[in-house]
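See below for the structure under consideration.
The basis for the numbers below is simple: all heavy atoms, side chains too, and nothing from hydrogens, waters or symmetry mates. So you know, we letter chains A, B, ... as the sequences are listed, proteins then strands, and number each from 1. All of these numbers come straight from a predicted model, not from anything done at the bench.
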Amino acid sequence: MNDQIFSGLNCEQQDAVTTTDGPLLVLAGPGSGKTRVITHRISYLVSELLIDSQNILAVTFTNRAANEIKDRINNMITGRNAFNLRCGTFHSFCVYILRQHGKFIGLNQNFVIYDDNDQLQVITESLKELQIDIKRFPSRSVLASISKHKSNLISYEILSGTSKNFYDEIVARVYENYQNTLNSNSALDFDDLLMKAVQLLQNSKEISDFYSNKYEHLMIDEFQDTNIAQYTLMKLLGNKYQNICVVGDPNQSIYSWRNADIRNILSFQKDYPNTKIIHLSQNYRSTQNILDAASKLIASNNANVINKLWTDNGTGEALIVDEGYSEKEEAEKIIHEIERLVKLKKYKWDQCAIMYRVNAQSRVIEEACLSNRIPYKIVGGIKFYSRKEIRDVISYLKVIANPDDDISIARIINVPPRGIGTTSYNKLVDFAKKNNKTIYQILTTFNKADELQQLIGLTRRAAASMEVFSNLLEKLITESVGITPSEIIQKIITDVGYQAYLQQDETNGLDRLENVMELKGLALQLHETEEITSMTDYLDRIALVSDIDSLDPNENSVTLITLHQSKGLEFPVVFIAGMEEGLLPHIRSMDDPVQLEEERRLCYVGITRAEKLLYLLRAYKRYGFGQGSQISIPSRFLSDISDLNVQSLEKTTSNINKNMIIPSSNNNQQEKVHSLDPIEIGTKVLHKTFGEGIVLLCTESGNDYVVDVHFTSAGKKKLLVSLANLQIIGQTK
DNA sequence: TCGTCTCCTATTTTT
DNA sequence: TAGGAGACGA
Ligand SMILES: Nc1ncnc2c1ncn2[C@@H]1O[C@H](COP(=O)(O)OP(=O)(O)OP(=O)(O)O)[C@@H](O)[C@H]1O
């Protein structure tokens, strides 16, 4: 037996690693070594059972997790290697098989992948074309519905037969139009990647045999967050050998909004009655205090009690729960605490992470890092690839790779401005639609200005511009053969005149040009480090790989990350910011008990990322989405764990103006408790700044009361009775 | 046709 | 608050 493989495993884990025949379900809580099981299991298959690594498929939730698994395996095994292991996300695996065999279901080999932005574009156009009121049916929500159906493998044909209400009917109609557009553009969206892969395996016995024969062993990590399409794909791939090992934790299911379906865990046991189930119960990550908080929290969800976790790691430090006056001070407190820990040489920057519910929260924290000169990295956030200048250049690349992509053509046809405005563009599109051709096909068939002018009814000027554009495209496409993506980007910068165009922008031009240069640099880097040389490889890669995937663990800086993205990671020191009602749980999830439970799981995921120290922070006042600062209510998740021993941060870390009312929760509750009374609904009150108003609602919150007041001039506000200093001036009838 | 200005809205999480 | 959509003038 190989020591490397077994020495780092407990009995339950060893059982999971050596159970290689038949379906296996590993259900276990956070930090119990689920991912480790996958890693060691693959190593075991390769180096002990001498399975060729090309016959193993491992699916992970992020590309980062996949890389980590591959690295670990190659470090662990000696003598043999796992270089041919297929390990990646479902999406990247689907791209792989569709590029290989997509032609069997009529896919263009050069299909492009549409991102969110492209998708919305198509939807918006469909809505216009079908004359559907965009106000009543916002493209975002229509897209979400379509995506939901696709994740459940429901095609528009099926949907239009079964739609029960008006909304569904509209969705079905847009879905059909949308899908046709994608087809004629040779484009696939994220859901199509899964759906078409399933279709490929279902429709072609030959291909399906090929893949199910190839993959003797299947492994899926984070199984609780897979959707129906992914589950179906798993079944198709695994139907020959049925050596399928899935690993997950129902309490960490946080992607149902992306159509993940937790019932897959039940389906698995039903579809494979001979499934062996293994629970892992030792947690190797966190201290007992952290685990206690986690299990207290999750106990409030009426669900999913797997076996309780225990740990050898000792009690550890008490949790720290604290409050800043504003989100700014919340951030300062966090940063000062990190500084303190680092100064004491207890931790390094990169051992600390700050997590939050929404990306918008990162801004204040980032500012605090900057002003205190703390090295940091933000995962995700305002995405590089969604900047206008980047999208423009990428659209050029997409068109070069697949000229039938009308959506990308639309984006670049007049960028930089070349005299083809909306009117001319619309004429061109109409003409193309009528003739059942793509824009590019029209432009290549009729590439002389007078032809275009006559057939489409363009002005002379527009027709001339269009001829120029048509020639430009042709030139780009021919010249791009055999050169690398970064060279093509350079062509766009110079030959297309994108640089000159950006330089006209006096305020941001330089920054934007720098971004484009960075894009080129990144392309070059991919070329050198990952041998990504072809255009499709490059485009696939930037479509599928997100920010978290390139998270560099060796860079010594503090990590700023959303709770969602933190899944699967671990840090010695974790701060969760914004422990407030409306933020965590998020306001949009508060009135649905099912969604509320997911919010609680999200908090659970965050808490269980921590190894040694856990800080839960909130702001007393937060700059609100509506207007101005609003007093916030502490998150109910804090009450869930309130009977634990918690501490607050040392006063020394805050540099608040002492004259300010500092509602560090304790003192304001204790001091005011006697003088506090609820205010009756309908009472007329006077507030120093907001003026006169009427109490709409009064609810108890801890030792205090929260009132909703409608002020005559300032509108609706939520206030804490203890602090608002409301003067009662009368009663309404 | 293009660029700027204003107004209006909606406001999470992302492969 | 920010970002998009629509209006309007050059
Ligand atoms: N048998 C073991 N001995 C020592 N350390 C272990 C053992 N098993 C796992 N670990 C360590 O525990 C930590 C958590 O492991 P891992 O990430 O595999 O857990 P997980 O169950 O996938 O967690 P999560 O579900 O929270 O992502 C890792 O640092 C891992 O190295």
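At C/dA2, one or more side-chain N or O atoms of A/R363 fall inside 4.0 Å of OP1 or OP2 (strictly under the cut-off). Not one side-chain nitrogen or oxygen of A/R258 sits closer than 4.0 Å to the OP1 or OP2 atom of B/dT13. A sub-4.0 Å separation between OP1 or OP2 of B/dT13 and a side-chain N or O of A/Q565 is absent. Remark: A/N414 is not in phosphate contact with B/dT1, judged by side-chain N or O atoms under 4.0 Å from OP1 or OP2. Between A/T62 and B/dT15 there is no side-chain polar atom (N or O) within less than 4.0 angstrom of OP1 or OP2. Proximity of A/N227 to the phosphate of B/dT15: no side-chain N or O atom is located under 4.0 Å from OP1 or OP2.
Which of B/dT12, B/dT14, B/dG3 sits closest to the side chain of A/N359 comes down to B/dT14. Residue A/R588 places its side chain closer to B/dT12 than to any other of B/dT12, B/dT13, B/dC2. Listed nucleotides: C/dG4, B/dT1, B/dT13. Nearest to the side chain of A/A462: B/dT1. Of the candidates B/dT12, C/dT1, B/dT15, B/dT15 carries the atom nearest the A/T89 side chain, counting heavy atoms from C-beta on.
Between the P atom of B/dT14 and the CG atom of A/D225 lies a distance of 13 Å, rounded to the nearest Å. For the pair A/L539 CG and B/dT15 P, the interatomic distance rounds to 18 Å; values are reported in whole Å. The CD atom of A/E581 sits 16 Å away from the C1' atom of B/dT12 (whole-angstrom rounding). One interatomic measurement links the two molecules: CG of A/L583 to P of B/dT12, which rounds to 11 Å at whole-angstrom precision. Whole-Å rounding puts the A/E580 CD to B/dT11 C1' distance at 16 Å. Across the protein-nucleic acid pair, A/E599 atom CD and B/dT13 atom P stand 11 Å apart, rounded to whole Å. Atom pair A/Q361:CD and B/dT13:C1' shows a separation of 12 Å (rounding to whole Å applied). Counting to the nearest Å, the P atom of B/dT14 and the CG atom of A/L194 are 18 Å from each other.
Among the protein residues, A/T423 comes within range of the sugar-phosphate backbone only, with heavy atoms under 4.0 Å from sugar or phosphate atoms but none that close to a base. A/R140 comes within 4.0 angstrom of nothing in the nucleic acid, heavy atoms only. Using a 4.0 Å heavy-atom distance criterion, A/D116 is classed as making no nucleic acid contact. A/S424 comes within 4.0 angstrom of sugar-phosphate atoms only, judged by non-hydrogen atoms across all strands, and of no base.
Taking the six-membered ring where tryptophan is involved, the planes of A/Y96 and A/F93 are tilted, since the angle between them lies from 30° to 60°. Taking the six-membered ring where the residue is Trp, A/F137 and A/Y167 present parallel rings, their angle staying beneath 30° rather than reaching 60°.
Residues passing the side chain to side chain donor-acceptor pair (under 3.5 Å) test with A/R461: none are found, sequence neighbours excluded. With sequence neighbours excluded, the residues that form a side chain to side chain donor-acceptor pair (under 3.5 Å) with A/T226 are A/N264.
The pair A/R411-A/D392 fails the salt-bridge criterion, with no side-chain N (NZ, NE, NH1 or NH2) lying under 4.0 Å from an Asp/Glu carboxylate O.
Under the stacking criterion of a centre-to-centre distance below 5.5 angstrom and an interplanar angle below 30°, A/W257 is not stacked against the six-membered ring of B/dT12. In this structure, A/H586 counts as stacked on the base of B/dT12 under the 5.5 Å centre distance and 30° plane angle limits.
Straight-line distance between the C1' atoms of B/dT12 and C/dA5: roughly 23 Å, to the nearest whole Å.
Between A/K148 and A/I154, the closest side-chain pair of non-hydrogen atoms is not below 4.5 Å.
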Contact list (N/O, under 3.5 angstrom) for nucleotides 5-7 of chain B vs protein:
none

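The salt bridge (charged side-chain N to carboxylate O under 4.0 Å, His left out) test with A/R636 is passed by exactly one of A/E581, A/E580, A/E599: A/E581.
Open room surrounds CZ on A/R363; 12 or fewer heavy atoms of other groups in view lie less than 6.0 Å from it.
Of the N and O atoms on the side chains of A/E222 and A/Q224, at least one donor lies less than 3.5 Å from an acceptor on the other residue.
A residue-by-residue look at A/A360 and A/Y425 shows that A/Y425 has its nearest nucleotide of DNA chain B further toward the 5' end. In terms of position on DNA chain B, the residue among A/I420 and A/Q119 whose nearest nucleotide sits closer to the 5' end is A/I420.
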